[in-house]
Amino acid sequence: MQTLEAIDAWQALWASRDRLAEQSINGLFDADAGRFEHFSLTAAGILLDYSKQPIDRQTRERLLEVARARDVAGQRDAMLAGEPINESEGRAVLHTALRVPDGGTGWAAPAIAREVASTRSRMAELAAAIRDGRRTGATGQPIEHVINIGIGGSDLGPRLVLEALAPLADGPTVHFVANVDGVEWQQAMGQCDPERTLVLVVSKSFGTVETMANAHEAMAWLRRSVPSEIVLERQVLAITANLDRVRELGLDPELALPMWDWVGGRYSLWSAVGFAIMLAIGPTAFDELLAGAHAMDRHFAEAPLESNMPVLLGLVSIFNGTLLDRRSQAVVPYTERLGRLSAYLQQLVMESNGKSVDRAGHPVSIPTAGAIWGQTGTPGQHAFFQALHQGTDVVPVDFVGVARPVAGERGDPLALTANLFAQSQALMQGRGDADMPAARRCPGNRPSNTILLKALTPATLGALIALYEHRTFVEAAVWGINAFDQFGVELGKVLADDLKPLIAGGQAAEGVDGSTAGLIARYRDWRG
Ligand SMILES: O=P(O)(O)OC[C@H]1O[C@](O)(CO)[C@@H](O)[C@@H]1O
């Protein structure tokens, strides 16, 4: 496969970087009356409008040529076929297999498909029994609360989905505990009757310090508050790929729900990691979530590159980030229901693609993932949008909107949508009458995508998340990096283990750098 730099189309794009940065987006609309049709597409209930990017047909063709030369389609097919594309860990990457409808074949080895199907039906049976009160807590009380203990991928996906689909929730109330500072745990404990609470300990590794500390707290709370010998058996459920550690924690591995090493944590909400979702909205709605993601998977697998939404979204992101050096991206959903989207995408994008060596271990020659951040609109408009409109950095924005309001929700959908469309328009058009004071002028020509969902349903939400997963994959495929390991997060964990006794102990913190030693001393002093 050609390196990026050796590809003619990339060289041509690189040589015209300055011109592309200056390319007038308004001018592109003037030159092409059908630009919206030519630079937008719909798949799985989602419209992507990328016409407000400084990309003309030639630039798009060059970007597609780069995708072809980097064999994005071949890399995608290798992932879907279960080849061990996570080479540094020798693992397949098969979150797409989790979303194949029951009975569907051809997307994963039969053994994997069987495991997925049997786990899904175990989850569905258990969730149904808990939801209708057949399966109770240890003292016979119905389960009314669920505490999901997990962090990173074992937290963000279920949280995002449950916040988004809260109007559909008709099962137990779900509380999330991720941090080890005790705040979320105290809040959850304060709202839950222990005899009516199920604790989910969700951790692929079952070794994550925060999760294990919170699990110990929860188990101690249940033991002291529920007068039953079988409280842990009935009210604590482990969800993990590491059954040995379940036993070490004092739980029965036979009762645990499995996940597998071929599912990355940040890609795992579709597995038993999403059990809290299923408990809250029911197995049928959970299946709809999977079906929406699968619809996007099929589109990604089958649509030609030039009309393939994740491919185009990935190429637009590379165009902005790698080519034009616009490395910070904002994502602004116009509904509070998607308020968790930017936090979710931070893990998905930055943990996957925040890499500086390629698959062969050589330093990359181009910038990979920058920062992705955001907040909901309209509140974000009254916070950081000033910088988007007039700041010195050009920040590409993904606007995410929903056409049909959620049934029963009040508010002013027209005002919301008018703001959504007006912001991308303002970023593009700018404002600059010659007699206007400079402080009031907006330079305009600032790029954005608009992603419009027909409605916020389990299916469109599943499709939206899958869209961003595959966009992340496309970028990694073009850059030649492995999106599925995350060794960078390990060093801090190791150092934290080393520092704990130094912070706790009375002895001088020797063998650490001056700053850390100073911080430890001041911390001890102030802590008293
Ligand atoms: O599910 P686990 O093993 O507890 O890991 C939690 C999270 O920790 C990380 O390893 C690093 O932050 C993530 O990749 C993962 O989602």
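Numbering starts at 1 and runs along the sequence shown. Order of appearance sets the numbers: ligands from 1, and atoms from 1 within every ligand.
The shortest contact between atom 5 (O) of ligand 1 and any protein heavy atom is with T208 OG1, 3.5 Å. Here the heavy atom of the protein found nearest to atom 12 (O) of ligand 1 is E351 OE1, 3.3 Å. The protein heavy atom nearest to atom 7 (C) of ligand 1 is I151 O, 3.7 Å. What sits closest to atom 3 (O) of ligand 1 on the protein, heavy atoms only, is S205 OG, 2.6 Å. Looking only at heavy atoms of the protein, atom 10 (O) of ligand 1 is closest to K493 NZ, 3.7 Å.
Within 6.0 Å of CD in E229 there are 12 or fewer heavy atoms belonging to other residues, nucleotides or ligands.
Annotation for P253 and R247: closest pair CG-NH2, 3.5 Å, computed over non-hydrogen atoms. Across every non-hydrogen atom of L305 and A67, the tightest pair is CD1-CB, 4.2 Å.
In terms of the side chain to side chain contact (heavy atoms under 4.5 Å, CB included) criterion, residue partners of D193 (sequence neighbours excluded) are, by chain and number, E195, R196. For S317, the side chain to side chain contact (heavy atoms under 4.5 Å, CB included) partners at least two apart in sequence or on another chain are Q329, R471, E475.
Per-residue contacts place K204 under 4.0 angstrom from the following atoms of ligand 1 (heavy atoms of the residue considered): 1 (O), 2 (P), 3 (O). Near Q347, meaning under 4.0 Å from any of its heavy atoms, are these atoms of ligand 1: 13 (C), 14 (O), 15 (C), 16 (O). Less than 4.0 angstrom separates some heavy atom of V489 from each of these atoms of ligand 1: 11 (C). Atoms of ligand 1 found under 4.0 Å from any heavy atom of S203, numbered from 1 in the order shown, are 1 (O), 2 (P), 3 (O), 4 (O). Taking every heavy atom of G153 and a limit of under 4.0 angstrom, the matching atoms of ligand 1 come to 15 (C), 16 (O).
The shortest heavy-atom distance from E210 to ligand 1 is not under 4.0 Å.
K355 places no side-chain N or O within 3.5 Å of a backbone atom of A476 that could act as its donor or acceptor partner.
Residue contacts with ligand 1 for Q486 involve side-chain atoms from C-beta outward but no N, CA, C or O (heavy atoms, distance under 4.0 Å).
Residues M219 and V201 are not in side-chain contact: their nearest non-hydrogen atoms beyond the backbone lie 4.5 Å or more apart. Proximity of I147 to W185: side-chain heavy atoms (C-beta onward) are separated by under 4.5 Å at one or more points.
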